[in-house]
Number of protein chains: 2
Amino acid sequence: MPSAADRFTEPADPPRQLSAVDGLAQLSFVIQGLLEHRAGARQISISQMRLLGVLRDRTPTMNELATLLGLDKSSATGLVDRAERRGLVTRVPSSSDRRVVLVDLTDVGRALVAAVSARFEADVAALLEPLSPPDRSSLAAVVSRLLVAHADAHGVDLFPLA
Amino acid sequence: MPSAADRFTEPADPPRQLSAVDGLAQLSFVIQGLLEHRAGARQISISQMRLLGVLRDRTPTMNELATLLGLDKSSATGLVDRAERRGLVTRVPSSSDRRVVLVDLTDVGRALVAAVSARFEADVAALLEPLSPPDRSSLAAVVSRLLVAHADAHGVDLFPLA
DNA sequence: TATTGTTATACTCTATAACTATA
DNA sequence: TATAGTTATAGAGTATAACAATA
């Protein structure tokens with residue numbers, strides 16, 4: 001695993017051509033870093049951002065939420081507790097089953113996730129800016145193919161922000 | 001931010017063509033998930049994995065280590081404490097300055113990071129398997145260009161495993 | 001009895017501030 | 001005084017196990 005951090009100690013590193021494997025691995029760290037930075041600017045963790053992202057087009061039960069985020073029920077309780085304390089989400093009792101709690105975005109939460117997402121996507125777009133339009137679209141096509149193949153093979157494995 | 005998690009509730013989702021921005025954002029989550037999974041199989045967190053990765057080709061001081069990982073000194077102390085308790089790293093007193101502590105991988109730590117890295121890289125390689133060799137190498141070329149441009153623009157921003 | 005959600009508890013990870021020991 | 005590292009403390013995030021309320 002060649003390290004980009006090597007540039008820290010070897011600044012004169014000649015630009016080498018990375019393998020697709022190494023390049024994508026490094027790129028994934030860069031992109032996660034962009035998200036962390038944009039979310040952090042609003043005092044939001046990646047976990048909170050994923051929570052808000054999931055809620056953008058859903059009002060799930062606590063149980064469904066935990067499954068969507070790949071967390072234990074008790075972890076979801078804590079995550080929602082902290083988000084609720086900050087006014088980003090609300091707990092709504094279900095009318096049909098008194099055991100069930102639904103989780104919903106507040107207006108503040110919705111505005112926050114929209115703002116962070118927009119800035120993050122702009123960052124990724126800026127990252128892609130050195131590419132020519134044809135390069136960009138062939139990259140999009142190749143990456144789409146990878147994601148579709150991966151989703152087909154693993155079903156429900158991918159969990160981006162939302 | 002289109003969500004891959006949508007496939008959870010809409011399994012019949014037709015394969016859509018994602019934009020390069022959305023595709024790369026999602027792909028970064030997939031790749032981070034692969035790493036988390038392989039590290040987790042050895043009871044190792046991403047933070048511990050990054051620590052071990054940094055130490056693969058360095059024996060830094062605590063201070064250097066904190067800088068390399070982008071952490072506060074005190075966070076590095078805790079990270080190294082836990083790794084040392086598990087026999088993955090050792091603290092070595094500096095011979096030239098009695099305030100300084102160097103951090104080194106143990107053989108166990110070195111074997112662990114090698115094993116996890118190898119499996120993770122194989123996972124990424126498997127992810128790329130649907131691509132034809134020419135597609136793979138053009139992907140490698142494009143991604144390399146992005147990383148070089150990003151490194152040039154931001155200096156020391158990229159922090160993969162190591 | 002089974003399910004939904006919370007609570008109790010414990011551990012990792014991170015940060016800030018104060019401290020010790022060198023330099 | 002300044003630097004290297006640790007400790008004290010606090011909070012987020014996660015998990016397991018036990019629990020209460022409801023079905």
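Letters A, B, ... are given to chains in the order of the sequence lines, protein chains preceding strands, and every chain is numbered from 1. Worth knowing before you read on, the calculation uses all heavy atoms, side chains too, and leaves out hydrogens, waters and symmetry mates.
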A.B. asks: Is there a donor in the side chain of A:S45 and an acceptor in the side chain of A:S47, or the other way round, less than 3.5 Å apart?
C.D. replies: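 Result is no, nothing qualifies.
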A.B. asks: Do any side-chain nitrogens or oxygens of A:Q43 fall under 4.0 Å of OP1 or OP2 in D:dA12?
C.D. replies: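 Checking A:Q43 against D:dA12: no side-chain N or O falls below 4.0 Å of OP1 or OP2.
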A.B. asks: Can you tell me if the side-chain N/O atoms of B:S74 get under 4.0 Å from OP1 or OP2 in D:dT6?
C.D. replies: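 For B:S74, the contact criterion (side-chain N or O under 4.0 Å from OP1 or OP2 of D:dT6) is not met.
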A.B. asks: Just N and O in the side chain of A:S45: are any of them under 4.0 Å from OP1 or OP2 of D:dA12?
C.D. replies: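 For D:dA12, OP1/OP2 do not have a side-chain N/O of A:S45 under 4.0 Å.
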A.B. asks: Between C:dT14, D:dA12, D:dG13, which nucleotide has the shortest distance from any of its atoms to the side chain of A:Q48?
C.D. replies: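 In terms of side-chain proximity for A:Q48, the closest of C:dT14, D:dA12, D:dG13 is D:dG13.
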A.B. asks: Between A:D72 and B:I44, which is nearer to the 5' end of DNA chain C once each is assigned its nearest nucleotide?
C.D. replies: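 Of the two residues, A:D72 wins.
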A.B. asks: For A:S74, give me all partners under side-chain contact (heavy atoms from CB on, under 4.5 Å), at least two apart in sequence or on another chain.
C.D. replies: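 Per chain and number, A:S74 pairs via side-chain contact (heavy atoms from CB on, under 4.5 Å) with A:D72.
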A.B. asks: Under 4.0 Å between any heavy atoms, over every strand shown, what does B:S47 touch: base, sugar-phosphate, or nothing? Just pick one.
C.D. replies: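 B:S47: backbone/sugar contact only, no base atoms under 4.0 Å.
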A.B. asks: So does B:N63 get a side-chain nitrogen or oxygen closer than 4.0 Å to the phosphate oxygens (OP1/OP2) of D:dT3?
C.D. replies: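 For D:dT3, neither OP1 nor OP2 has a side-chain N or O of B:N63 closer than 4.0 Å.
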A.B. asks: List for me each residue that meets side-chain contact (heavy atoms from CB on, under 4.5 Å) alongside B:T106, sequence neighbours excluded, and say none if there are none.
C.D. replies: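 side-chain contact (heavy atoms from CB on, under 4.5 Å) check on B:T106 returns B:T90, B:V108.
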A.B. asks: Can you give one letter per nucleotide of nucleotides 18-23 of chain D, going 5' to 3': B for a protein heavy atom under 4.0 Å from the base, S for sugar-phosphate only, - for none?
C.D. replies: ---BBS
A.B. asks: Touch check for B:R91, heavy atoms < 4.0 angstrom, all strands: base, sugar-phosphate only, or nothing?
C.D. replies: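 It contacts sugar-phosphate atoms only.
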A.B. asks: Can you tell which of C:dG5, D:dA4, D:dT14 lies closest to the side chain of A:M62?
C.D. replies: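 So the side chain of A:M62 is nearest to C:dG5.
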